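It should be emphasised that the depicted structure is a prediction, and the values quoted were computed from it without experimental measurement. Order of the sequence lines fixes the chain letters, A, B, ..., with proteins taken first and strands second; residue numbering starts at 1 for each chain.
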Amino acid sequence: MSNNIDLKVNIAGLELKNPVIAASGCFGFGREYSRYFDLSRLGGIAVKGLTPLPRKGNPPPRIAETPSGILNSVGLQNPGVHAFIEKEIPFLRGFNSAIIANASGNTIEEYESMVEILSNADVDAIELNLSCPNVKEGCLSFGSSAGGVYDVVSRVRKYANKPLIVKLTPNVTDITEIAKAAEDAGADSVSLINTIRGMAIDVKSRRPVLGNITGGLSGPAVKPVALRMVYEVSKAVKIPVIGMGGISNCTDAIEFLLAGASAVMIGTAGFENPMAWVETIDGIEAYMTANSIDSVTELIGGLIV
Amino acid sequence: MSNNIDLKVNIAGLELKNPVIAASGCFGFGREYSRYFDLSRLGGIAVKGLTPLPRKGNPPPRIAETPSGILNSVGLQNPGVHAFIEKEIPFLRGFNSAIIANASGNTIEEYESMVEILSNADVDAIELNLSCPNVKEGCLSFGSSAGGVYDVVSRVRKYANKPLIVKLTPNVTDITEIAKAAEDAGADSVSLINTIRGMAIDVKSRRPVLGNITGGLSGPAVKPVALRMVYEVSKAVKIPVIGMGGISNCTDAIEFLLAGASAVMIGTAGFENPMAWVETIDGIEAYMTANSIDSVTELIGGLIV
Amino acid sequence: MNTKYKIVKAEHLNSDTFMLTVESEIISKRARSGQIVNIKCGDEGGVLLRRPISICSVDRDKGTFDIVIQIRGKGTKILSKYKAGDEIDIMGPLGQGFSLYPKHKKIIAVGGGIGIFPLLQLLKDHPAENKKVILGFRNKSCVILEEEFKQACNKLFISTDDGSYCDKGLVTDILRKELDKEPADMLFFCGPLAMMKVGVEIAKEYNIPCEVSMEQRMGCGIGACLVCVCKTKNTDDWEYTQVCKKGPVFSGDKIIFD
Amino acid sequence: MNTKYKIVKAEHLNSDTFMLTVESEIISKRARSGQIVNIKCGDEGGVLLRRPISICSVDRDKGTFDIVIQIRGKGTKILSKYKAGDEIDIMGPLGQGFSLYPKHKKIIAVGGGIGIFPLLQLLKDHPAENKKVILGFRNKSCVILEEEFKQACNKLFISTDDGSYCDKGLVTDILRKELDKEPADMLFFCGPLAMMKVGVEIAKEYNIPCEVSMEQRMGCGIGACLVCVCKTKNTDDWEYTQVCKKGPVFSGDKIIFD
Ligand SMILES: Cc1cc2nc3c(=O)[nH]c(=O)nc-3n(C[C@H](O)[C@H](O)[C@H](O)COP(=O)(O)OP(=O)(O)OC[C@H]3O[C@@H](n4cnc5c(N)ncnc54)[C@H](O)[C@@H]3O)c2cc1C
Ligand SMILES: Cc1cc2nc3c(=O)[nH]c(=O)nc-3n(C[C@H](O)[C@H](O)[C@H](O)COP(=O)(O)OP(=O)(O)OC[C@H]3O[C@@H](n4cnc5c(N)ncnc54)[C@H](O)[C@@H]3O)c2cc1C
Ligand SMILES: Cc1cc2nc3c(=O)[nH]c(=O)nc-3n(C[C@H](O)[C@H](O)[C@H](O)COP(=O)(O)O)c2cc1C
Ligand SMILES: Cc1cc2nc3c(=O)[nH]c(=O)nc-3n(C[C@H](O)[C@H](O)[C@H](O)COP(=O)(O)O)c2cc1C
Ligand code: FES
Ligand code: FES
């Protein structure tokens, strides 16, 4: 396509070649999808949620299909941040795509230590996961109050020497308050939404489908909720917003950009279509060509109300 | 089917011949659907949300389709509670089905007056709508905090001489707190969920699809979220819970009963299938026959965890 | 209540428009011109809502009716895959049709885009002696049902936006010219809002009653959910009225176009 | 990467089981017995996830492979509507297949229910001289692929839960009897968890290595999302391991059945 089309976006100093990022937890550390397409095509890769020590995760089944959505209850299974740094960063650096480390902890101290460790590692940004619904401690309990978010973010801020993105949960009364707390505490960007807490029951066995009873809903089903939250948060904060939740194609992605997102993440859609990320990038470019838009930044917040 | 099967449920003194109720706002005042089936088949009918005076509602478009769901922004258009009492109750009393009046107001005083008026009217129960996402005043602003719910419910309680059902919004951080506040303030039952706030954008026009910009999400897409909330609330309160949100068929309805609902409401599904209510009742009966369950009350809260 | 019927014919009229002929004794007997049916698309991709489609033509003897559908989005795309022999789930006929008053001797029906479809049966059923119809299309390749309309009226005018077929320009300009030549007792409009708005103004100017067929996204399709409203006048105020139940056809002076 | 292939044959084997023959040079060349493919069902009713299905049989000359599917729920129901000539979206081959060691001269493969399917290509490909297979079905009407299995092995045992065809009882009981008669070098299990658990115990008892093919609900199907795990042993602890990538075939002594 035309060379005049500029897909670059800038998230608080983090320049992305295009606004499409692989969402954390749906893309592992990139290895598996690298057989399907060149990872250098992506604006960025948010890796699987990391914790200080390896985590086993929750008992299976960890997935249930729901109408136009899925519930997952993985529970942050990961090899630990050190294994990530040793084994995965060298692999990911083989591609020309921003590396975003998704970090969780059980305590504020663990969050501090994660940010410190990752600030000394070769990653391009840190996404602080304050929103995982599938673990008992930390995460969601910090993320679901403005005070909790403020505390964690202001404590970790001083350790962060690269863009700090705070990932928000939709399981709150007013997400703009939470976003503002993150901004006030020094976040460079917010990303939203993580999954919405949900549940599935098998009427044959009369048991929950998930081993963990409840899980997090993602996929097209949540798109209208995610879009509304991105719209509200974009108006409420000045820092750039990364939007996600149910994006499956370029039309969905453009909706999020128009609503105010500076970039988008795609997760669940890749399960059905491993080319979802690449096709979304190509589709945004085609939409821009058709509508004579030179820079993707013109779309950001371009909703006419 | 067999006469031994007992579909009756009791919601705080309100006896329903079966646990399937038409959800408020999706069934008008029953007239339209009475051409499709005998309204006496239903356990109950929750009528369109009523206010003290007639309301015009929000500008169109008022509906957007989303993956496995819809967004609506009707905004409580209704002829006012007095027109309801005069013109609609006599019609509805022609059927043998409980009449549940869904009541809203802009102020606590309006809620009080609604409950007083409806207590003197020939309805079987009052469903206090503290959860409409499509009006600027009242409703959601009361419904989204435990304090707000407590205030409204405790104030109206003394006017209510029939079962008082409080309808809860899912747009909150912890719905169990809200449900407990309703219970503490004297609610006889809680019903949930109302719609989840969402948004749709038309990328061609770059405008919101809904005239009101945002709307409320309902339909199968929200079912996992609704089911999780019904499960949590059922464990948190002692009063009976009425479950809804995305129920389309008997399997869905049974999931809600197993999760702890004493009855279910069906709204959006009727748009696709005007026989959804009746087929759900028949399906529950068939499931009970197949599983040798004599009384539907055996299913309530029967989830094995 | 049964809502399943058989498609006896499925035919493409042009690249994005197709006609389905559906067998239904009951719908074809009851249907009045201007009424709609509400069609289930199947739930591919989580498409839930039925789609409202006008009844285009009815064969009351054969017990069949025709609908003509333009592919716009997901729902109509799914409907375009139906073939003869398939079963289709249809609620209808729904809503209020056009008024067929014998006292209206001279009528003019004006349609644009997908708004032309309900006018065909209107012309077939209307008792007037003199029936004119003015149809607007985007361009030549969009022109469909020309022969059918010709048969159903006394005079057919066609215009295209780009002049690639017949007249170039607005249907309302043609209407004005015709009214200047010869008066009419009743006007009918169905098409884009902007066209109907001008149409109603012209009707007022020439002091002729008129009816318009409104469009709005629908939920239930039968009047129960209040999502499909348009703004209408009432005694000394205005209100939102359901297009599915009180319309889609309204008296032109009832509608507030704003 | 292209994931669209043509179905060259679609055939019902019994009331709820059907076989699809798919044309794919690349999958049939690469596929190892025990590996799976991950199939898109289409998004009717908002069904998003692909469904994991074992490769049942491969024709490497013709460049086709067979999969056999039992209708269980929404996804397999949609798949059952595919016809010859249709295009199907398949990712694969995925995961780890069965081990084919020449030193294993005598093997026994034990399957139950949908677990019998991957055993067919295992028997075809395995270099052993003596191949026995023990298949369990619910009842006579469920028995399928009998001829194909007979051709692919030296000895076929069939049991049905109700004794309506061949032996009555558990496949693991038959296995025990056979092992008492004659030893084996390797055992393969694929079927219900309970059966595989007993199978692994028997293998241990008789001191024979074995492999099991695990089942789990999947998301991505390629190892990226960590939803499809089963519990496995590692050096001095245990972990959750992806069935899609590190399995579905595991060494029997790796799995923790609890
Ligand atoms: C009273 C009435 C009569 C109609 N008669 C016909 C007819 O005879 N033939 C025909 O082809 N179409 C007719 N339509 C329009 C038809 O209903 C829409 O084109 C159809 O619903 C679009 O569905 P979709 O899934 O293809 O589009 P969607 O994917 O839902 O949307 C595609 C575009 O269509 C528009 N749209 C969506 N829903 C509606 C709606 N309910 N009304 C108007 N525009 C909509 C939107 O602006 C959107 O941009 C009629 C509509 C109404 C209200
Ligand atoms: C490695 C592997 C190989 C398989 N090989 C075959 C095969 O060759 N032939 C075949 O017919 N089936 C096979 N299956 C099972 C098949 O994937 C499931 O039957 C199918 O996913 C069910 O989809 P559904 O939409 O029809 O059912 P759903 O509506 O999703 O569920 C129906 C029932 O199926 C069960 N189920 C759902 N998903 C899975 C799953 N991923 N694994 C196991 N059970 C599930 C659930 O318990 C549920 O009650 C295999 C599964 C795995 C994991
Ligand atoms: C299987 C799975 C695992 C996930 N793991 C993580 C995680 O480790 N960290 C995180 O921040 N979000 C995680 N998420 C949430 C996604 O990153 C994303 O916020 C959410 O799924 C919504 O986007 P989607 O609809 O495009 O998937 C996970 C989601 C899924 C489906
Ligand atoms: C068009 C529409 C109008 C509604 N109006 C009301 C209302 O007036 N009062 C109310 O309490 N809930 C109202 N609701 C919410 C429903 O009663 C119900 O809580 C929600 O739609 C979830 O159930 P469902 O998925 O079965 O539709 C409305 C929902 C829809 C779709
Ligand atoms: S579509 Fe429900 S009232 Fe018209
Ligand atoms: S299904 Fe994603 S890791 Fe196995």
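Between A:A146 and A:A181 the shortest heavy-atom distance is O-CB, 3.4 Å. In this structure, B:Y231 and A:I213 approach most closely via the heavy-atom pair CE2-CG2, 3.9 Å.
The most heavy-atom pairs under 4.5 Å with chain A, out of B:E232, B:M199, B:M229, B:R207, come from B:M199. Put simply, of B:V225, B:V222, B:D252, B:V203, the one with the most heavy-atom pairs under 4.5 Å next to chain A is B:V203. Among A:K223, A:E255, A:R206, the residue with the largest count of heavy-atom pairs under 4.5 Å with chain B is A:R206. Considering only heavy-atom pairs separated by less than 4.5 Å from chain B, the leading option among A:P224, A:A259, A:G198 is A:P224. Among B:P208, B:A200, B:G69, B:A64, the residue with the largest count of heavy-atom pairs under 4.5 Å with chain A is B:P208. Ranked by heavy-atom pairs under 4.5 Å with chain B, the list A:N291, A:T251, A:L258 is led by A:L258. Of all the listed residues (A:S248, A:S68, A:A221, A:G246), the one sharing the greatest number of non-hydrogen pairs under 4.5 Å with chain B is A:S68.
Within residues 262-275 of chain B, no residue has any heavy atom closer than 4.5 Å to a heavy atom of chain A.
Counting heavy atoms from C-beta on, the side chains of B:L7 and B:M288 come closer than 4.5 Å. Within the 4.5 Å cutoff, the side chain of A:D151 has no heavy atoms near those of the A:F142 side chain. Looking at heavy atoms from C-beta onward, A:V153 lies in side-chain contact with A:L130 at the 4.5 angstrom threshold.
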| query | Given B:N18 and B:V296, is the side chain to side chain contact (heavy atoms under 4.5 Å, CB included) satisfied, shown in steps? | reply | CA-CA 8 Å; B:N18 66 58; B:V296 74; over 6 Å; no
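Note that CD1 of A:I193 and CG of A:N171 are 8.5 Å apart. Values are rounded to the nearest 0.5 Å. Here OG1 of B:T176 is found 10.0 Å from NZ of B:K235. Values are rounded to the nearest 0.5 Å. We find the CD1-CD1 distance between B:I284 and B:I5 to be 11.0 Å, quoted to the nearest 0.5 Å.
Of the two parts of B:Y287, only the side chain, counted from C-beta on, holds a non-hydrogen atom closer than 4.5 Å to a non-hydrogen atom of chain A. There is no contact between B:A226 and chain A, counting heavy-atom distances below 4.5 Å. Contacts of B:T214 with chain A are made by side-chain atoms alone, with heavy-atom separations under 4.5 Å and no backbone atom involved. In this structure, chain A has a heavy atom under 4.5 Å from the side chain of B:L217, while its backbone stays farther away. Using a 4.5 Å cut-off between heavy atoms, B:L303 touches chain A through backbone and side chain atoms alike. Contact of B:S205 with chain A is made through the backbone alone, with heavy-atom distances under 4.5 Å.
In terms of modelled atom types and a separation under 3.5 Å, the side chain of A:N72 and the main chain of A:R62 share no donor-acceptor contact. Looking only at distances, no side-chain donor or acceptor of B:N58 sits under 3.5 Å from a matching main-chain atom of B:N212.
Judged purely by distance below 3.5 Å, without hydrogens or angles, the side chains of A:N194 and A:S131 pair a donor atom with an acceptor atom.
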